[in-house]
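Reviewing the structure listed below.
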Amino acid sequence: MDIIWRKTLEPYDFRKLEEKWKPVWERMGLYRTGTQPDREPFYCLDYFPYPSGAGLSVGHCKNYIPTDVICRKKRMDGLNVLHPMGWDAFGQPAEEYAIRTGTHPAEVTRINSDTYRRQFKLIEASYDWEREINSSDPDYYRWTQYFFNLLFDRGLAYQTENDQMWCPECRIVLSNEEAAGGICWRCGGEVTRKKLKQWFLRITDYADRLLQDLEDLDWPEGIKAMQRNWIGRSEGAEVIFRIANPETGFELDLPVYTTRLDTIYGATFCVLAPEYPDIEKLVTSEKHDEVMDYVVEARAKSDLERTAAAEKEKTGVFTGCFAVNPYNGEKVPVYVADYVLAGYGTAAIMAVPAHDERDHAFAVKFSIPIVEVISPGGIPRGVEEAATVADGQLLSSGPFTGLDSDEARKSMAEYAIENGIGKPDVRYRIRDWLVSRQRYWGAPIPIIHCEKCGAVPDRNLPVILPEMDDFKPDDSGRSPLARAEEWVNTTCPECGGPARRDTDTMAGFVCSSWYFLRFASPHESGRPFDPEAVRYWLPVDLYVGGAEHAVMHLIYARFWTKVMYDEGMLDFTEPFSVLKNQGMIIGADGQKMSKSKGNIVTPDEMVEKYGTDALRLYILFMGPFEAELDWSEEGIAGTYRFLKRVWSVVLETAEPQPMEMDEDFIVELRYNTARTVKKVTEDVNSFAFNTAVAAMMEYVNFLSVNRERAGAAGSLWKDSIRKLLVLMAPMTPFISDELWERMNFPGDTVTQQEWPCWDEDDLILDSVEIVIQVKGKIRARMRVPSETGADELEKRALSLDRIEELLEGSEPRRVIVVPGKLVNIIP
RNA sequence: GCCGGAGUGGCGGAAUGGCAGACGCGACGGACUCAAAAUCCGUUGUCCCCUGUGGACAUGAGGGUUCAAGUCCCUCCUCCGGUACCA
């Protein structure tokens, strides 16, 4: 019988199954967003990708396949699932690709998103394509513009001219986030500065809320930490030093920001950033040329050059003038040095060389006195060699001497308020978000500039991006849109007079700051979204993507959501309740997969060789979801083998030969089935896909080994196969549905079956193996009835020959019994 | 430097404080075959001996807590990611 089956068994042919089932599922509309009114919503979102020319690699699958499995399982759990996909089409990446390939960006977007969509379908990702959106579509970007106006109306969008982060390689201005570390997020090149008039959004107004609300988010610790650091809240005080130019009598209040007010009696000089506004009025004639040369030189350097040089040696120049320390009335010299940053605090510091490493280095180089005013033990330690940074007790600090740093900061701040010389202050590292780009491929900023009325929002949306053949940026700092004269010249919506359109477009990150809302009602026409749909679906229940957007997209989207909450448009303040970062897949050469390195493995080639199911299963099985893993094609052959084994086990035992019932086997089968259902359910729910797959493999191994006994389990065997197929369905839909059909299980598709449950009673076995330890080392085992109590276990363990032998007749000092598990005997 | 994460066989990786190495890959041996592929069955952490239902060692290093530690605590090392003159 067995042999006959094997000979007549049709081989597992994944191509046939894929051809057969794809159109069937398509017709059934299996992946349409659930709308049953009595069901709970589940919104699972993958980061909205920019469709690159290279297409999807197996690395991308590490994100998309696990979320797909979750969605399929949630549907089987009876939830309404929203699992949409769209294109982050506007922005720098698409435009650069367009320039490189000489294709219009709109065309690039169309071609590349076609490729992505085809590949998503190839791996059978269950997106609802009826909800596809594209950020470069006027139906979408009119609402991006609408939100810009909303921010403008709320005073959160403003235009200002200043030194901006500029990438000479990409020829584009960058937000602070895009220029983190002085490195351009796109090209990795060094960022310089350029004085330009730009649009900003006041994200700094939300710094505290962005920080506070992180607490309750179920996000990876690392991402939360990065956002905390980026926001960079620090508590300190602003204190005013009075400066006077001895020659001209010019006087100035110089506010400095410090977190170490307790060290102020040790301030032996002040330092201004080279960008400090009134430097020229402060310098003495003798020092004028030297200082101004230094300022020009420092400002010409890139941030990276400035910080790199700083690691070697501090530079700076004396201005010739002095400032008065408001606490002790001492006159201290004022320097200009580039280790003080223009963008932070007040761009001026009081320097305490005894208790700050940077000030110490500077003081040593310029022979400035170093005065110790803090000592950890209350005893001076000497600070000539190095600064002591830790808190301690104040020394030589007037009325504050003897206080601990902590109390000192409090009472010194009170003193400052009473005497009008300063106040406690909180500062943030985060800067306002620079959103304008002098680029073609983006949503035009919907502002009209009128000589009489100023900047006026255009309410007639969308402001359509004009068709242009030559959209290349240049070095002028002007947008290519400025060349579209006809488009630029318009009339003022307020006074009707002649006016000009703003020619900047918005950075791509603006478009992606609200797209998750659009998916709730992607075809809504009179408003950005249907509030009812948003109330139902949002916030996003599960958001998955790589960690690289920690302080870009993920901070911008949070900000946007809070603004909309303040506007009364949303009833939640955080867009993404749960965030997970998938680990990258590294190419065979140990490097990140990229087209330029030529190490990309595509899902297409893997599907061709092993099929969609094997690829999906391998991606899940490779290792933990969050872990960075190396691609290996040998591994996928393993999951392919597993599927072949499933195929043969299920079909060989489809109609098992009737035989006498075997009660022991039935109990064993029940136990293994329940154990597997439980393990797979819990593991999938907790993103432990690799161990879920391992559990299924163990189960199939068990079934395979026992297939000759299939008939001895009666209908239970077939029921076990049924459960196996349901468990496999979210991971390997093709083979699951084919076998489901061949087994004549009820329903059109396994995908619409209910997720199985398990009976805890099945997990209780009649007997268990107990480990017997002597002093923590395993010396014996015994099989006992499951319900055996502690006393009985101890008695039986002690009476084992082997144990008696080891104890040599002496009474054990102590016996620890864990019923169902072990007995540990301490002689 | 600071923040976050991680160190377990030849490899990817499993282990609510309770049998370290599940599952898979690779390798080795065998069956089937004229042969190969595929498939199936074994073996596979290291070492020791009296070769057994044996023993010792083993989760980056060193300490500690505990009857019991990969898991908890302390010190240190290495790697990955982030960030770094933020006063």
Side-chain angles (χ1 to χ4, degrees), chain A residues 6 11 180-182 220-226 228-230 232-234 236 256-260 263 271 273 303 306-311 314 337-341 343-352 355-359 361-362 389 427-431 547-548 550-551 581 583-584 617-618 621-624 626-639 641-642 644-645 648 679 688 690-701 704-705 769-781 801-802 812-818 820-826:
Chain A
R6 279 180 203 214
E221 256 332 293
I223 302 281
K224 292 211 261 185
M226 278 160 81
R228 274 185 211 110
N229 289 340
W230 190 258
R233 182 189 151 97
S234 90
V256 301
Y257 175 70
T258 177
T259 54
R260 292 300 301 276
T263 65
V271 186
D303 284 26
R306 269 164 79 158
T307 48
E311 271 167 33
K314 295 265 179 293
D338 68 0
Y339 83 93
V340 172
L341 303 177
Y344 187 75
T346 58
I349 61 159
M350 65 172 207
V352 185
H355 307 294
D356 181 283
E357 286 167 11
R358 299 150 302 184
D359 298 344
F362 193 88
V389 184
R427 293 279 172 168
Y428 299 90
R429 236 182 78 119
I430 192 170
R431 310 290 148 79
E548 67 276 11
V551 290
N581 298 130
M584 261 195 309
L617 199 61
Y618 180 55
F621 183 58
M622 279 179 85
E626 302 83 1
E628 183 176 290
L629 299 165
D630 297 321
W631 178 254
S632 124
E633 201 179 318
E634 277 155 352
I636 192 171
T639 54
R641 261 198 291 275
F642 167 74
K644 284 199 281 190
R645 196 154 62 245
S648 66
K679 178 85 177 142
N690 55 331
T691 48
V693 175
M696 296 196 315
M697 286 174 167
E698 278 181 80
Y699 186 54
V700 170
N701 288 345
S704 179
V705 165
E769 193 177 60
I770 301 292
V771 166
I772 313 205
Q773 299 177 323
V774 176
K775 253 177 102 179
K777 302 213 179 217
I778 297 152
R779 299 298 175 179
R781 294 156 197 278
D801 290 352
R802 172 131 181 77
R813 270 195 297 138
R814 202 177 153 191
V815 180
I816 291 105
V817 183
V818 184
K821 286 227 168 88
L822 58 79
V823 178
N824 190 8
I825 300 157
I826 317 303

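Letters A, B, ... mirror the listed sequences (proteins, then strands); counts begin at 1. No hydrogens, no waters, no symmetry mates; every other heavy atom, side chains included, goes into these values.
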Expressed as a whole number of Å, how far does the [atom1] atom of [N] sit from that of [M]?
{"N": "rG26(B)", "M": "rG13(B)", "atom1": "C1'", "answer": "14 Å"}
{"N": "rC2(B)", "M": "rU75(B)", "atom1": "P", "answer": "13 Å"}
{"N": "rG21(B)", "M": "rC25(B)", "atom1": "C1'", "answer": "15 Å"}
{"N": "rA20(B)", "M": "rU59(B)", "atom1": "C1'", "answer": "7 Å"}
{"N": "rA69(B)", "M": "rC19(B)", "atom1": "P", "answer": "11 Å"}
{"N": "rC73(B)", "M": "rG17(B)", "atom1": "P", "answer": "12 Å"}
{"N": "rG10(B)", "M": "rG81(B)", "atom1": "P", "answer": "25 Å"}
{"N": "rG7(B)", "M": "rC72(B)", "atom1": "P", "answer": "11 Å"}

Whole-Å distance between [N] [atom2] and [X] [atom1]?
{"X": "Met226(A)", "N": "rG5(B)", "atom1": "CE", "atom2": "P", "answer": "13 Å"}
{"X": "Glu626(A)", "N": "rG81(B)", "atom1": "CD", "atom2": "P", "answer": "18 Å"}
{"X": "Asp630(A)", "N": "rA6(B)", "atom1": "CG", "atom2": "C1'", "answer": "15 Å"}

List, with names and distances, any nitrogen or oxygen atoms from the protein found under 3.5 Å away from nitrogen or oxygen atoms belonging to nucleotides 43-51 of chain B.
none

Original post:
Where each residue is assigned the nucleotide of RNA chain B containing its nearest heavy atom, which of Pro624(A) and Gly222(A) is assigned the position nearer the 5′ end?
Top reply: Gly222(A)
**OP:** Let me know, please, whether Asn229(A) or Ala688(A) comes out on the 5' side of the other along RNA chain B by nearest nucleotide.
**Re:** Asn229(A)
**OP:** Kindly write out the residues that satisfy ring-ring contact (aromatic ring centres under 6.0 Å, His included) with Trp230(A), not counting sequence neighbours, or none if the list is empty.
**Re:** none
Original post:
Which residues satisfy the ring-ring contact (aromatic ring centres under 6.0 Å, His included) test with Tyr618(A), sequence neighbours excluded?
Top reply: Trp631(A)
Please state whether the phosphate of [N], meaning OP1 or OP2, lies under 4.0 angstrom from any side-chain nitrogen or oxygen of [X].
{"X": "Lys777(A)", "N": "rA58(B)", "answer": "no"}
{"X": "Tyr339(A)", "N": "rA87(B)", "answer": "no"}
{"X": "Arg260(A)", "N": "rA87(B)", "answer": "no"}

Under the salt bridge (charged side-chain N to carboxylate O under 4.0 Å, His left out) test, residues paired with [X] that sit two or more places apart:
{"X": "Asp356(A)", "answer": "Arg358(A)"}
{"X": "Lys644(A)", "answer": "none"}
{"X": "Glu769(A)", "answer": "Arg781(A)"}

Touch check for [X], heavy atoms < 4.0 angstrom, all strands: base, sugar-phosphate only, or nothing?
{"X": "Gly232(A)", "result": "nothing"}
{"X": "Lys644(A)", "result": "sugar-phosphate"}
{"X": "Arg779(A)", "result": "sugar-phosphate"}
{"X": "Pro220(A)", "result": "nothing"}
{"X": "Val256(A)", "result": "nothing"}

Original post:
Have Arg645(A) and Asn701(A) got a donor and an acceptor in their side chains that come within less than 3.5 Å?
Top reply: yes
Original post:
Of all residues at least two apart in sequence or in a different chain, which pass the side chain to side chain donor-acceptor pair (under 3.5 Å) check with Ser234(A)?
Top reply: Tyr257(A), Tyr344(A)
Subject >> By side chain to side chain donor-acceptor pair (under 3.5 Å) - contacts of Glu357(A) (at least two apart) >> reply: none
**OP:** Answer yes or no: is there a side-chain heavy-atom contact under 4.5 Å between Lys679(A) and Tyr699(A)?
**Re:** no
Subject >> Note, Ile825(A) side chain near Arg779(A) side chain (heavy atom, < 4.5 Å) >> reply: no
Subject >> Side-chain donor/acceptor contact of Lys775(A) with base of rC67(B) under 3.5 Å >> reply: no
Under 3.5 Å, N/O pairs linking protein and nucleotides 21-30 of chain B:
| from | atom 1 | to | atom 2 | distance (Å) |
| --- | --- | --- | --- | --- |
| rA22(B) | O2' | Glu698(A) | OE1 | 3.4 |
| rA22(B) | O2' | Glu698(A) | OE2 | 3.2 |
| rG24(B) | OP1 | Asn701(A) | ND2 | 3.1 |
| rC25(B) | OP1 | Arg641(A) | NE | 3.0 |
| rC25(B) | OP1 | Arg641(A) | NH2 | 2.7 |
| rG26(B) | OP2 | Arg641(A) | NH2 | 3.3 |

Original post:
Would you say the side-chain atoms of Arg431(A) pair up with the backbone N or O of Arg429(A), donor to acceptor, closer than 3.5 Å?
Top reply: yes
Original post:
Are any side-chain N or O atoms of Arg427(A) and backbone N or O atoms of Thr259(A), one a donor and one an acceptor, separated by less than 3.5 Å?
Top reply: no
**OP:** Just need the stems in RNA chain B: three or more back-to-back Watson-Crick or G-U pairs, each with both distances under 3.5 angstrom, sorted by first number.
**Re:** B:1-7 with B:77-83, B:10-12 with B:23-25, B:26-31 with B:39-44, B:45-48 with B:54-57, B:60-64 with B:72-76
**OP:** Would you mind calling rG12(B) syn or anti? Take O4'-C1'-N9-C4 for purines or O4'-C1'-N1-C2 for pyrimidines, and syn is within 90° of 0.
**Re:** anti
**OP:** Please name all residues satisfying side-chain contact (heavy atoms from CB on, under 4.5 Å) with Ala351(A), sequence neighbours left out, ordered by chain then number.
**Re:** Phe269(A), Val271(A), Tyr339(A), Ile349(A), Asp359(A)
Polar atoms only, N or O, under 3.5 Å: list the protein pairs with nucleotides 16-19 of chain B and their distances.
| from | atom 1 | to | atom 2 | distance (Å) |
| --- | --- | --- | --- | --- |
| rU16(B) | O4 | Lys821(A) | NZ | 2.9 |
| rC19(B) | O2 | Arg781(A) | NH1 | 2.6 |
| rC19(B) | O2 | Arg781(A) | NH2 | 3.1 |
| rC19(B) | N3 | Arg781(A) | NH1 | 3.4 |

Subject >> Met350(A) side, atom CE; Thr258(A) side, atom OG1 - distance, nearest 0.5 Å >> reply: 3.5 Å
